[in-house]
Amino acid sequence: MSRLHNASAPMCRGAAFLLGAATLLAGCAVGPPATPDGRITVVTTTTVLADIVRQVAGEHATVHALVPAGTDVHTFDPAPSDAIKVDRASLLVINGLGLDDWLIDFARQSGAADTPLVELAEDLPTVTYLEGGEHADEEPPSASEPASADEHVYNPHLWLNVAYARLYVARLAEQLAAVDPDSAADYQANASAYDARLAELDTKIRGELAAVAPEDRRIVSFHDAFPYFAAAYGLEIVGVLVEMPGQEPSAAEVAAVIGAIRAAGVRVVLAESQFSDALAQTVAQETGAQVVSRLYTDSLGDPPVDTYEGAMRWNVEQILAGLR
Ligand SMILES: [Zn+2]
């Protein structure tokens, strides 16, 4: 696997060597394996990342998200049939930071060990990384492999700050150009136009949330998806209902969140489309807070939330309605 943060030349794909003598004699093909319509294939983990890739790639790529809309990425297990999509990809795109790193091993097992893979959220310049990851799939540190003191576990949900999503766009334009240099100018042009729209959206969200009194901007969310959103747009996160998706909170943890909501006068509990909102409803009934249902954090949905921009607009509208 070539894990890329910066542009680099496309690499020879290991799978090509398995196809037979003709392939072996021909050696390593240069350039991406394009589909019959001349498009490259990009495989991402989430529908959010797939949309961002589509905006930058335009007509030059066919994009597949492995995690279906409405399904939790944190606890997702790819199916054997996903290996075919991964093996045919010219570029693999993940968020990284523990959200969807399962694709790294899966690609290795799928014969795509040498396919370029970009981790959009890793080591981005100008980002203030926030602690608190959800490495549900990873083994806890053991005696033989203790966690080092300077090993940080960062929250992976950078894209919910639109300014950070713009950094994903810039990185994607570079990576797409690296695997498909013939279309580099188009990738750059698409990225510039998209970036301008995202800059406008970022400013709009900032203005809308600034209009809410600071003492009314306290929230509790279902899982810990909102720290970058909150930091960017001036919200205060008082608590989360589940520490890690896929795990049930204990009665004591629920009681602690209920206590925190009462103490801070939290008005809204944010529920998300890919999770049941039953726990949020229970907590809201106990505290008099309001549930803001069906927010789109790690997954997109049907129009108008079938794009990243649409989902961000929708989320902000719902949150504002709840806070007022
Ligand atoms: Zn998440």
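In listed order, ligands and their atoms are each counted from 1.
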**Item:** Heteroatom N/O/S of Asp224 within less than 2.8 Å of the Zn ion (ligand 1)
**Value:**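 No, since none of the N, O or S atoms of Asp224 sits under 2.8 Å from the Zn ion (ligand 1).
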
**Request:** Just jot down the side-chain hydrogen bond (donor to acceptor under 3.5 Å, both in side chains) partners of Arg206, sequence neighbours excluded, or say none.
**Result:**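 Asp202.
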
**Prompt:** Tell me the ring-ring contact (aromatic ring centres under 6.0 Å, His included) pairs involving residues 46-72, sequence neighbours left out?
**Reply:**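 Listed once each, the pairs are His60-Tyr187.
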
**Message:** As a test of reading the structure, name the N/O/S atom of Asp298 that is nearest the Zn ion (ligand 1).
**Reply:**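 Of all N, O or S atoms in Asp298, the Zn ion (ligand 1) lies closest to OD2.
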
**Prompt:** Any salt bridge between Glu236 and Arg217, counting N to O under 4.0 Å?
**Reply:**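 Between Arg217 and Glu236 there is no salt bridge, as every charged N stays at least 4.0 Å from the carboxylate O atoms.
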
**Prompt:** How wide is the angle at the Zn ion (ligand 1) between NE2 in His157 and NE2 in His223, to the nearest 10°?
**Reply:**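 It rounds to 100°.
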
**Request:** Hey, could you give me the OG1/CG distance between Thr297 and Asp224, rounded to the nearest 0.5 Å?
**Result:**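 One gets 11.0 Å once the value is rounded to the nearest 0.5 Å.
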
